[in-house]
Structure formats: structure tokens, C-alpha cells
Amino acid sequence: MSDFFDRVHEVCRQIPAGRVSSYGAIAKFLGAARSARMVGYAMNASIGKEGVPAHRVVNRLGMLSGKHYFGGSTLMQELLENEGVPVANDQVQNFETYFWNPADHLDPEKY
DNA sequence: AGCGTGACGTATA
DNA sequence: TTATACGCCACGC
């Protein structure tokens, strides 16, 4: 348990396949609503670690902001599509439909 | 101990 | 409506 990073990693790990979440939602869930940037920052450190599907985390607009950091290719988009999440123009389609709110499925007291 | 940085988000022009 | 500016807060140097 380093810090925020590990907490973010844990939450991301809880995101089911075929669903996506947002940085702000995770940040808010962790109690640091204004640290959405930190969430993304933590994800960057999570890349390469199994169990931390960073590709399931996008910004509030459902935009694949960090796909550039994901190997520099369309890997992120392909991963999402492979899980059943339609992506077009680096943007998740029907984002609200696939959005997965951690606060709605996880126990805040546990984190 | 301090400064710069950043996969965001909200406010303002 | 789109574009630009600012704030945030933890991490690395």
C-alpha cells in the first residue's frame, strides 16, 4: 500500500469487463473529488500491472484520453471493443450506458 | 523542503 | 456552442 495509487488500482480492478468508469468518479469515490488528475496519474503507473485494466477508465466524456500512453497504438480501443464496448473516434459510444460507477457497486467504507 | 508536472474537471469568455 | 483558463492535489526530482 503505497498510497492513492494502490487505492486507485484497487478500484479499477473492480471494474467489470464490458464496462467503463471515469477518473472523476473514482476520485470522488476515494474522497478526493478534486484529484481526478491523480487518478489518471495513478493509472499511468498501473500500466503493465495485471489486474488493473486502465483501458476501462476514461474521462468524463468517455474519451480515450490516455490511449496514447497505452502503447501508442489502438490497443486500448481494441481492448474495449473486445470487451463489448463500442469505441469510435477515440470515444466510447453510449458512454452513459456502459458507465460503471464504483460508488454504486463498491463499499465506500472499505476504502 | 520546494517546484514543476499531469490519462481531469469546472468555470468563464 | 466551442475554445481557453484556472484550480487541484499527490508524486518525482
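Letters A, B, ... mirror the listed sequences (proteins, then strands); counts begin at 1.
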task = Treating Ile, Leu, Val, Met, Phe, Trp and Tyr as nodes and any side-chain heavy-atom pair under 4.5 angstrom as an edge, say whether A:Y23 and A:Y69 lie in one connected cluster.
result = no
inquiry  = Looking only at the side chain of A:R37 (C-beta and beyond, no hydrogens), which of the listed nucleotides C:dG7, B:dG9, C:dC9 gets closest?
reply    = C:dG7
ask   = Mind checking whether A:L79 and A:V52 sit in one hydrophobic cluster, side chains of I, L, V, M, F, W, Y counted as touching below 4.5 Å?
value = no
Distance in angstrom units between A:D6 CG and C:dA10 P, rounded = 15 Å
request  = Work out which heavy atom in A:F95 is nearest to a heavy atom in A:G62; give both atom names and the distance.
outcome  = CD1-CA, 3.5 Å
query = Which of the following nucleotides, C:dC11, B:dA7, B:dC8, is nearest to the side chain of A:A54?
reply = B:dA7
query = Between atom CE in A:M43 and atom C1' in B:dA7, what is the gap in whole Å?
reply = 8 Å
query = Between B:dC8, B:dG9, C:dA10, which nucleotide gets closest to the side-chain atoms of A:S65?
reply = B:dC8
message = Please classify the nucleic acid contact of A:L64 as base, sugar-phosphate, or nothing, using heavy-atom distances under 4.0 Å.
response = nothing
message = Grouping I, L, V, M, F, W and Y whenever their side-chain heavy atoms are under 4.5 Å apart, do A:M43 and A:F4 come out in a common cluster?
response = yes
note = From NZ of A:K28 across to P of B:dT10 the rounded distance in Å is 9 Å
request  = Round to the nearest Å and state the distance from A:L30 atom CG to B:dC8 atom C1'.
outcome  = 14 Å
note = Side-chain atoms of A:A36 come closest, of C:dC9, B:dA7, B:dG9, to B:dG9
task = For C:dC8, give its Watson-Crick or G-U wobble partner with both distances under 3.5 Å, or none.
result = none
query = Just how far, in rounded Å, is C1' of C:dC9 from CZ of A:R7?
reply = 13 Å
ask   = For A:R60, which contact category applies under a 4.0 Å heavy-atom criterion: base, sugar-phosphate, or nothing?
value = sugar-phosphate
ask   = Counting any heavy atom closer than 4.0 Å, what does A:V57 reach on the DNA or RNA strands: base, sugar-phosphate only, or nothing?
value = base
query = In whole angstrom, what separates A:N44's CG from B:dG6's P?
reply = 10 Å
request  = Would you indicate which nucleotide in B:dA7, B:dG9, C:dC9 comes nearest to any side-chain atom of A:N59?
outcome  = B:dG9
key: A:Y41, nearest nucleotide to its side chain (from C:dC11, C:dC9, B:dA7)   = C:dC11
task = Could you please name the option among C:dC8, C:dC11, C:dC9 that lies closest to any side-chain atom of A:M38?
result = C:dC9
inquiry  = Do A:H55 and A:E83 pair up side chain to side chain, a donor and an acceptor below 3.5 Å, judged on atom types alone?
reply    = yes
inquiry  = Rounded to whole Å, please give me the gap between CZ in A:F4 and C1' in C:dG12.
reply    = 17 Å
request  = Measure the distance from NE2 on A:H68 to P on B:dA7 and round it to the nearest whole Å.
outcome  = 10 Å
message = If you go through the side-chain atoms of A:Y69, does one of them form a donor-acceptor pair with the base of B:dA7 closer than 3.5 Å?
response = no
